[in-house]
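This is a predicted model, so every value here is computed, not measured. A note on names: the letters A, B, ... follow the listed sequences, proteins ahead of strands, and every chain is numbered from 1.
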Protein chains: 2
Amino acid sequence: MKKIPSLIDVALRAKVNISTVSRTINQTGKIGSETQARVQKAMRELGYKPNRVARRLRTQEGSTHLLGLIIPNIQNIFFADLARGVEDVAYKNNFALLLCNYDEDEAKERFYLDVMQSESVDGIIIPPIHETDPAVLQVVRNGTPVVCVDRSLSSGNLDKVEVDNHIGALRAVEHIIARGHRRIGVIGGPLDSSTGRERLRGFKDAHAKAGLTLKSELIRFGDFKQESGQVHARELLTLPEPPTALFVCNGLMMVGALEAIAALGLKIPRQVAIVGFDELTLADVFNPPLTVVRQPAYEVGKWAADLLLKRIEDPKRPASSLKLLPELIIRKSC
Amino acid sequence: MKKIPSLIDVALRAKVNISTVSRTINQTGKIGSETQARVQKAMRELGYKPNRVARRLRTQEGSTHLLGLIIPNIQNIFFADLARGVEDVAYKNNFALLLCNYDEDEAKERFYLDVMQSESVDGIIIPPIHETDPAVLQVVRNGTPVVCVDRSLSSGNLDKVEVDNHIGALRAVEHIIARGHRRIGVIGGPLDSSTGRERLRGFKDAHAKAGLTLKSELIRFGDFKQESGQVHARELLTLPEPPTALFVCNGLMMVGALEAIAALGLKIPRQVAIVGFDELTLADVFNPPLTVVRQPAYEVGKWAADLLLKRIEDPKRPASSLKLLPELIIRKSC
DNA sequence: GTTATTCCGGCAATCGTTTGCGGGACCAAG
DNA sequence: CTTGGTCCCGCAAACGATTGCCGGAATAAC
């Protein structure tokens with residue numbers, strides 16, 4: 001239970017005032033070089049580490065060196081990759097990361113948003129739970145820098161970095177059609193999320209461009225969780241006239257769909273072709289290897305953190321909006 | 001840029017002293033009921049949220065309601081599940097989570113450990129980078145509650161929750177042997193981690209029990225990352241006399257090994273059987289479905305957080321040590 | 001020698017809480 | 001009427017940093 005040294009201890013040992021110590025640490029104000037040396041020495045000898053809490057309390061604005069990241073679920077590999085991207089740039093800039101999972105639960109999102117403000121984070125990265133997320137807007141109004149990732153906010157002029165979901169889905173479904181499929185089932189996401197909507201739009205546009213008519217019984221909406229992928233896939237594939245191909249709108253639901261297919265004993269791609277959204281672990285060594293549209297999750301995180309850091313430095317800079325391109329990785333499942 | 005209300009604002013509005021407000025919030029000290037009501041009302045009207053930073057600064061000890069979790073890599077599904085377990089119990093108890101990835105990098109681990117102390121977290125959950133991790137020990141000596149997960153620390157009498165790695169590996173390799181394999185390759189982990197060592201011990205013990213002699217050329221050591229799984233698998237399988245079965249000691253390396261097998265065009269389990277450590281996404285729908293020893297990662301996280309919370313509440317309680325049982329899931333890859 | 005300028009570094013307020021201490025008000029007992 | 005005891009609640013000192021302001025010393029200019 002050793003006492004952790006504070007500014008005072010350093011000041012005492014170097015025989016200077018605490019303000020002098022503070023100034024040598026932060027390189028602010030003019031301090032004589034021999035005084036600096038004395039202070040440095042004292043700090044080294046005591047193993048002094050500045051107290052981030054005190055620092056954050058004092059300087060409400062500016063670099064308290066803490067970033068907040070609020071995501072639906074870290075178990076979703078997409079968000080894990082994204083988080084990793086954020087973390088890497090945070091670490092490079094000496095920022096720590098407050099990470100929370102809100103599970104698509106609005107109350108939880110609110111709670112964590114409160115925590116972040118209460119912790120005086122320098123900025124927050126978040127995929128808003130839906131397009132008009134009042135809680136997020138409130139945080140922005142309070143002056144906390146926010147950048148939206150993955151999903152966007154309809155109002156509020158915020159920094160954001162997204163993936164071009166429309167083009168991703170479009171390419172995927174065009175590819176399915178090019179493979180000769182005409183009855184294509186889709187397991188989409190919630191329509192109040194921009195990702196869900198954009199991917200569905202891609203699905204529809206691909207049909208339109210090919211002159212295909214949509215079959216409403218083949219359009220299902222999941223909740224981006226594994227379970228829903230499974231039930232909808234099972235339902236679709238046990239239809240009297242089942243689809244010959246499936247387009248699944250996120251990774252977790254893809255896993256569920258694959259489970260359903262395995263349970264039904266269907267062969268991919270002969271009996272049912274499938275293409276997913278999100279690269280999965282093992283997708284390339286799966287049998288057959290999975291055709292998916294890969295989202296650059298890590299890069300999304302990286303860019304988001306970049307943007308956030310820039311905004312923290314200069315709160316007045318105009319909001320920028322990035323849209324990264326997903327990549328259709330054609331393997332053997334379709 | 002609305003001003004966030006503080007205790008003072010509430011006090012002013014309720015026409016009481018700030019200490020009274022503080023006391024009604026924390027239920028400490030006797031406060032008249034009509035005064036309490038007035039304060040509650042003022043808080044509601046102003047939308048007051050206590051400032052966690054100030055609170056943490058003031059009370060160095062006790063519930064600042066922040067937990068630290070330092071893990072190697074969130075992209076490793078084992079740690080993602082574990083993190084989720086921690087997070088769930090943290091949330092239930094109104095704790096937030098400071099999450100960091102140290103990437104098996106000692107400098108990074110040190111940095112984050114410093115950050116956590118500097119942030120005055122209530123406690124830390126960490127898989128120590130190796131058995132005699134001086135940085136972790138130092139933190140413990142400073143009086144911060146720590147619980148070790150997954151890997152343990154040889155000295156220091158700490159709370160810990162681990163998986164029984166020996167029995168897991170033993171069962172796995174026994175199963176491989178029962179399938180008739182005699183030349184079994186292993187891709188192990190670093191020997192300075194308890195997990196790496198215990199799993200290898202299981203491997204050896206299984207051989208001993210079956211009266212098999214170890215072939216040293218079939219024993220390889222990776223670093224628990226994907227890449228190393230791939231190169232060692234390739235090397236093993238291109239030996240003049242390759243093993244007929246592989247035991248891979250963690251999930252990431254398993255992915256690498258499967259890549260190598262796919263690249264080599266080998267058929268599982270006919271040409272090479274394989275069993276891994278850690279359940280992987282898609283493992284059960286893989287072709288063939290993967291035989292693995294599943295670690296209860298989520299439960300490890302849950303228990304660890306439980307233990308940590310208990311210790312925070314009562315720092316003097318004797319250290320407890322949990323060992324959870326892994327489960328051998330026999331599917332078709334061996 | 002006097003005044004002005006520069007350079008350093010100390011003093012003290014501040015951030016938003018918690019908390020030990022003390023004191024006023026009120027009531028009951030003597 | 002005095003004394004003693006509760007019961008509330010206010011005062012002010014922490015926690016560990018940052019920072020505006022000021023003043024002393026040293027040097028330079030006159």
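- Dashed line: the shortest gap from a side-chain N or O of A:N51 to OP1 or OP2 of D:dA17 is not under 4.0 Å.
- A salt bridge links A:E119 with B:R56: the closest approach of a Lys/Arg side-chain nitrogen to an acidic carboxylate oxygen falls below 4.0 angstrom.
- Salt-bridge formation is detected for the pair A:E45/A:K41: a Lys NZ or Arg NE/NH1/NH2 atom is positioned less than 4.0 Å from an Asp or Glu carboxylate oxygen.
- Between the side chains of B:S19 and B:N17, at least one donor N or O lies within less than 3.5 Å of an accepting N or O.
- Counting non-hydrogen atoms under 4.0 angstrom, B:V16 reaches the backbone sugars and phosphates but no base.
- The distance from atom CG of B:D9 to atom P of C:dC15 is 11 Å, rounded to the nearest whole Å.
- A salt bridge is defined here as a Lys NZ or Arg NE, NH1 or NH2 lying under 4.0 Å from an Asp or Glu carboxylate O, and B:R311 with B:D122 fails to meet this definition.
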Can you tabulate the close N/O pairs, meaning under 3.5 Å, that link protein atoms to atoms of nucleotides 21-24 of chain D?
none

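- Relative orientation of the B:Y91 and A:F111 rings is perpendicular, given thresholds of 30° and 60° on the angle between their planes.
- Listed by chain and residue number, nothing satisfies the ring-ring contact (aromatic ring centres under 6.0 Å, His included) test with B:Y298 (two or more places apart in sequence, or in another chain).
- Protein atom CG of B:L7 is 15 Å distant from nucleotide atom C1' of D:dA12, rounded to whole Å.
- Computed from coordinates, the B:I8 CD1 to D:dG10 C1' distance equals 14 Å when rounded to whole Å.
- Note: CG (B:N26) to C1' (C:dG16) measures 13 Å, nearest angstrom.
- Contact between the side-chain N/O atoms of A:T35 and the OP1/OP2 oxygens of C:dG9 is found at a separation under 4.0 Å.
- Residues that satisfy the side-chain hydrogen bond (donor to acceptor under 3.5 Å, both in side chains) test with B:S320, not counting sequence neighbours, are B:D159.
- For the pair A:I31 CD1 and D:dT19 C1', the interatomic distance rounds to 12 Å; values are reported in whole Å.
- Rounding to whole angstrom units, CG of residue A:L57 and C1' of C:dT14 are separated by 9 Å.
- Of the candidate nucleotides C:dT19, C:dC11, D:dC11, C:dT19 has the atom lying nearest to any side-chain atom of B:S22.
- Here the P atom of nucleotide D:dC7 and the CD atom of B:Q36 are 15 Å apart, to the nearest Å.
- Between the side chain of B:S19 and the base of D:dC11, at least one donor-acceptor pair of N or O atoms lies under 3.5 Å.
- Put simply, CD1 on B:I18 is 12 Å from C1' on D:dA14, counting in whole angstrom units.
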